[in-house]
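Okay, so here's the structure we're looking at.
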Amino acid sequence: MDLIENLGLGFSVALSLQNLGLCLLGCMVGTLIGVLPGVGPIATIAMLLPITFGLDPTGALIMLAGIYYGAQYGGSTTAILVNIPGEATAVITTLDGHAMARRGRAGIALGIAAIGSFFAGTVATLIIAALGRPLTELAMLFRPADYFSLMVMGLVLAVVLAGGSVIRAVAMVLAGVLLSCVGTDIQTGEARMTLGWLTIADGIDFSVLAMGIFGIAEILRNLEVTEVRDVARERIGRLLPGREELSQSAKPILRGTALGAILGLLPGNGAVLGPFASYALEKRMAKDPSRFGQGAIEGVAGPEAANNAGAQTSFIPMLTLGIPPNAVMALMVGAMTIFGIVPGPQVITQHPQLFWGMIASMWLGNLMLLLINLPLVGLWVRLLKVPYRLMYPTILVFCSVGIYSINSQITDVLFIGFFGYVGYLLVKVGFEPAPLLLGFVLGALMEENLRRALVLSRGDPLVFISSPISAVLLLISVVMLGLALLPSVRRERDEVFAEAD
């Protein structure tokens with residue numbers, strides 16, 4: 001009964017004219033940046049953070065969430081029609097989706113991708129609603145030592161599930177934690193790692209770091225890539241699948257939804273693994289595995305359902321525990337802290353309208369995306385013809401004006417250029433920047449809980465082992481890190497991320 005009442009509260013918030021408009025705007029922008037490869041949701045949300053300051057927190061987060069899961073829908077359009085995944089999670093869709101397009105079945109592929117995504121999104125929204133309060137009540141039992149260990153586990157999983165070398169991922173996490181320490185210590189008033197520079201006495205601004213590392217760096221990376229677009233020239237055809245296609249896709253969609261929803265809960269970007277796991281499962285269960293890669297509709301239905309389910313259940317650890325499972329959720333946590341909202345179990349009790357309003361908006365957003373993607377597919381195809389070199393100057397100007405508008409400081413504009421170049425160089429030498437942002441977001445929270453735990457235990461470091469919850473979380477962290485360093489696990493891990501690249 002409480003669940004129905006809470007969902008009623010959520011829909012009363014989400015159905016307000018302003019929030020409906022922001023949800024639609026987020027879904028439109030998300031679809032657009034998903035359709036246009038090279039400008040992903042991480043970079044877009046980082047760029048749009050400045051304009052959210054004039055909005056109320058609920059509306060701003062509804063819009064940012066819409067951009068995230070909207071990009072998952074849009075990414076499949078590009079994967080099917082152009083053979084270029086708009087998102088890393090749409091990589092696997094190119095295998096059979098583009099093959100279907102080449103056979104004149106692009107409409108069927110797009111239709112089943114949209115239907116599978118909508119079904120998975122609806123189920124994931126119900127899962128979030130059902131698990132939200134129990135997980136929050138569980139999190140309320142956590143003491144500072146337990147929270148510290150939980151954040152350590154989140155960072156370890158981010159390392160394990162990051163692409164490339166484990167050692168490099170650890171280095172990125174530590175670099176992010178160190179950057180979060182720059183500025184004046186709130187407890188002692190001492191300046192830390194500022195080099196006497198007053199500009200960073202208040203610390204490094206989250207928006208500046210995120211926009212530079214992801215927004216500007218993404219532009220620099222894409223400018224050096226030659227545009228190659230293998231657009232399917234066959235007619236798109238009918239968009240609504242027939243009875244036979246629906247029958248072939250029903251079980252893959254159900255299995256993909258379950259897989260994606262479970263993997264989306266994992267801290268460390270487990271949602272990326274959902275489509276790959278779904279594709280591998282469908283291929284293994286198929287009577288004729290040779291059909292996969294040649295236009296098997298199951299190879300589109302399952303991964304697309306897993307993709308959207310994982311994208312939405314990844315909100316659960318962020319909303320209930322305050323632990324961002326991926327870079328996009330780290331940006332969402334950053335947005336919440338900017339609005340003065342402390343991420344974690346207090347959100348559901350202190351800001352119920354925000355919590356349940358966001359959940360209700362996810363279902364409304366999925367419905368909007370179903371209506372946006374299918375009827376407007378012709379518009380998205382035409383947008384694919386826009387040369388990227390014409391978009392980037394506009395994006396750069398938008399970034400510069402947006403970041404300057406926050407504090408009216410020219411140094412912020414210079415900083416996004418600096419961090420953009422650093423982010424570009426990091427990727428060039430094989431370092432993934434996402435763990436750095438996760439380390440930056442969690443660094444301050446880890447320090448706060450570390451201090452609280454030591455104060456309560458009168459400086460006894462054994463408090464992290466004497467607490468059962470903390471001890472279990474630290475043990476899981478050690479085991480996961482140890483497994484990631486095993487040669488056999490590293491090889492399998494590298495193969496998965498090589499496909500994603």
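Residues Leu150 and Asn449 form no side-chain contact, since every pair of their non-hydrogen atoms from C-beta on lies 4.5 Å or further apart. Counting heavy atoms from C-beta outward, Met362 and Ile62 have side chains that stay 4.5 Å or more apart. At least one side-chain heavy atom of Phe464 sits less than 4.5 Å from a side-chain heavy atom of Leu450. Counting only heavy atoms from C-beta outward, the side chains of Met332 and Met358 approach each other to under 4.5 Å. Using a 4.5 Å cut-off on side-chain heavy atoms (C-beta onward), Val478 and Val156 make no contact. Looking only at side-chain heavy atoms (C-beta outward), Pro433 and Val427 come within less than 4.5 Å of each other. In this structure, Val441 and Thr337 have side chains that are not in contact, with every pair of non-hydrogen atoms separated by 4.5 Å or more. Contact of the Thr125 side chain with the Ile359 side chain is registered, since non-hydrogen atoms from C-beta on lie closer than 4.5 Å.
Smallest separation of non-hydrogen atoms from Met193 and Ile200: O-CD1, 4.2 Å. The two residues Pro461 and Gly459 make their nearest non-hydrogen contact at CD-O, 3.1 Å. Minimum heavy-atom separation, Leu364 to Ala14: CD1-CB, 3.7 Å. Minimum heavy-atom separation, Ser149 to Leu474: OG-CG, 3.5 Å. For Gly365 against Tyr69, the heavy-atom pair with the smallest separation is CA-OH, 3.7 Å. Annotation for Ile253 and Gly116: closest pair CD1-CA, 3.7 Å, computed over non-hydrogen atoms.
Aromatic ring pairs are classed by plane angle as parallel below 30°, tilted from 30° to 60° and perpendicular above 60°; the pair Phe418 and Phe415 is perpendicular. Ring-plane geometry between Phe11 and Trp363 is classed as perpendicular, the angle between the planes exceeding 60 degrees on a 0 to 90 degree scale with a lower cut at 30.
At least one donor-acceptor pair under 3.5 Å links the side chain of Ser314 to the backbone N or O of Ala311. No donor-acceptor pair under 3.5 Å is formed between the side chain of Ser278 and the backbone N or O of Gly274. Remark: side-chain polar atoms of Arg143 are not paired, donor with acceptor, to backbone N or O of Ser467 under 3.5 angstrom. Between the Asp460 side chain and the Val463 main chain, no donor and acceptor come within less than 3.5 Å of each other. Looking only at distances, a side-chain donor or acceptor of Arg192 sits under 3.5 Å from a matching main-chain atom of Cys181. For Ser16 (side chain) and Val13 (main-chain N/O), a donor-acceptor pair under 3.5 Å exists by modelled atom type. Under a 3.5 Å cut-off, the side chain of Ser180 and the backbone N or O of Val177 do form a donor-acceptor pair.
The residues Glu298 and Arg284 are annotated as not salt-bridged, no charged nitrogen and carboxylate oxygen being separated by less than 4.0 angstrom. Here Glu282 pairs with Arg255 in a salt bridge; the nearest charged N to carboxylate O distance falls below 4.0 Å.
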Residues Thr313, Leu263; criterion side-chain contact (heavy atoms from CB on, under 4.5 Å); working and verdict: CA-CA 8 Å; Thr313 55; Leu263 291 172; over 6 Å; no
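Around the CG atom of Leu195, the shell of radius 6.0 Å holds no more than 12 heavy atoms that belong to other residues, nucleotides or ligands. Residue-environment remark: CG (Asp202) stays at or below the threshold of 12 foreign heavy atoms within 6.0 Å. Annotation: Glu447, atom CD; neighbour count of heavy atoms from other residues, nucleotides and ligands within 6.0 Å is above 12.
Side chain to side chain, Asp146 and Ser470 fail the donor-acceptor criterion of an N or O pair below 3.5 Å. Under 3.5 Å, the side chains of Glu190 and Thr184 contain no donor-acceptor pair of N or O atoms. Thr58 and Gln353 are not linked by any side-chain donor-acceptor pair at a separation below 3.5 angstrom, with hydrogens and angles left out of the test. Side chains of Asn366 and Asn308: a donor-acceptor N/O pair is present below 3.5 angstrom, by distance only.
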